[in-house]
Amino acid sequence: MKEKIDTIRKWHKKTFPDATLEGQINKYAEETNEFMNADSDLPELADMVIVCAGIMRFNKRLGSAFLQNTYVICSEIGEYDMTELWEAVQKKMEKNRKRVWNKTGNGTYHHENG
């Protein structure tokens, strides 16, 4: 499947039916922190894009603003182009679709397996 924001948003709704906007904003902050501390930051940027799709599930304008921010981080800090980013999103979503997810106390979700 070729991933797009809409396919990720639909997966998010199905996989995390009781997710909240607040939990998704917490998750974006978590992923941003992981990006800032990562040795290999492209997979973390992909996670940030995926969370943006989750935010869009609740508020498209806010999710779009977070996504634009992620694109700026990708190009200006990570020095990646959009093709590289979306290839990383594709790979990450292939993994995410196979994972088992558990909700945490702050409304975010974490996977059990690789």
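We use all heavy atoms of the structure for the numbers below, so side chains are in, but hydrogens, waters and symmetry mates are not.
Side-chain contact between E34 and M48 is absent, with no heavy atoms from C-beta onward closer than 4.5 Å. In this structure the side chain of V89 reaches within 4.5 angstrom of the side chain of I8, judged on heavy atoms. The shortest distance between side-chain heavy atoms of N102 and E112 falls below 4.5 Å.
With sequence neighbours excluded, the residues satisfying side-chain contact (heavy atoms from CB on, under 4.5 Å) with S64 are M56. Under the side-chain contact (heavy atoms from CB on, under 4.5 Å) criterion, K103 pairs with D18, Y109, sequence neighbours left out. With sequence neighbours excluded, the residues forming a salt bridge (Lys or Arg N to Asp or Glu O under 4.0 Å) with D6 are R9, K10, listed by chain and number. For the side-chain contact (heavy atoms from CB on, under 4.5 Å) test, residues two or more places apart in sequence or in another chain that qualify with Q68 are Y71. Listed by chain and residue number, T20, N26 satisfy the side-chain contact (heavy atoms from CB on, under 4.5 Å) test with E22 (two or more places apart in sequence, or in another chain). Residues satisfying the side chain to side chain donor-acceptor pair (under 3.5 Å) criterion with N69, sequence neighbours excluded, are Y28.
Across all their heavy atoms, A19 and Q24 have their closest contact at CB-NE2, 4.2 Å. Of all the heavy atoms in L45 and C74, the pair that sits closest is CD1-CA, 3.9 Å.
Here the straight-line distance linking atom CG of L62 with atom CG of L67 works out to 11.5 Å at 0.5 Å rounding. With values rounded to the nearest 0.5 angstrom, I55 atom CD1 is found 12.5 Å from I50 atom CD1. Distance CD/E44 to CG/N37: 9.5 Å, rounded to 0.5 Å. Distance CH2/W11 to CG/N96: 4.5 Å, rounded to 0.5 Å. If you take CG on D47 and CG on D41, they are separated by 11.5 Å, rounding to the nearest 0.5 Å. For the atom pair K92 NZ and E87 CD, the distance stands at 15.0 Å (nearest 0.5 Å).
The same ILVMFWY cluster, assembled from side-chain heavy atoms under 4.5 Å apart, contains both I73 and M36. Taken together through direct or relayed side-chain contacts under 4.5 Å among Ile, Leu, Val, Met, Phe, Trp and Tyr, F66 and V72 form parts of separate hydrophobic clusters. Cluster annotation: M82 and F35 are assigned to the same hydrophobic cluster (Ile/Leu/Val/Met/Phe/Trp/Tyr, side-chain heavy-atom contacts under 4.5 Å, transitive).
Using a 4.0 Å cut-off between charged side-chain N and carboxylate O, K27 and E30 make a salt bridge. A salt bridge links R97 with E3: at least one charged nitrogen is closer than 4.0 Å to a carboxylate oxygen.
Side chain of S75 to backbone of E79: no donor-acceptor contact under 3.5 angstrom is found. Between the side chain of T15 and the backbone N or O of H12 there is no donor-acceptor pair closer than 3.5 Å.
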key: From CA spacing to verdict: side chain to side chain contact (heavy atoms under 4.5 Å, CB included), V51, T70   = CA-CA 10 Å; V51 174; T70 303; over 6 Å; no
key: Residue pair K91, K95: steps toward the side chain to side chain contact (heavy atoms under 4.5 Å, CB included) verdict   = CA-CA 7 Å; K91 288 178 185 175; K95 288 181 180 180; over 6 Å; no
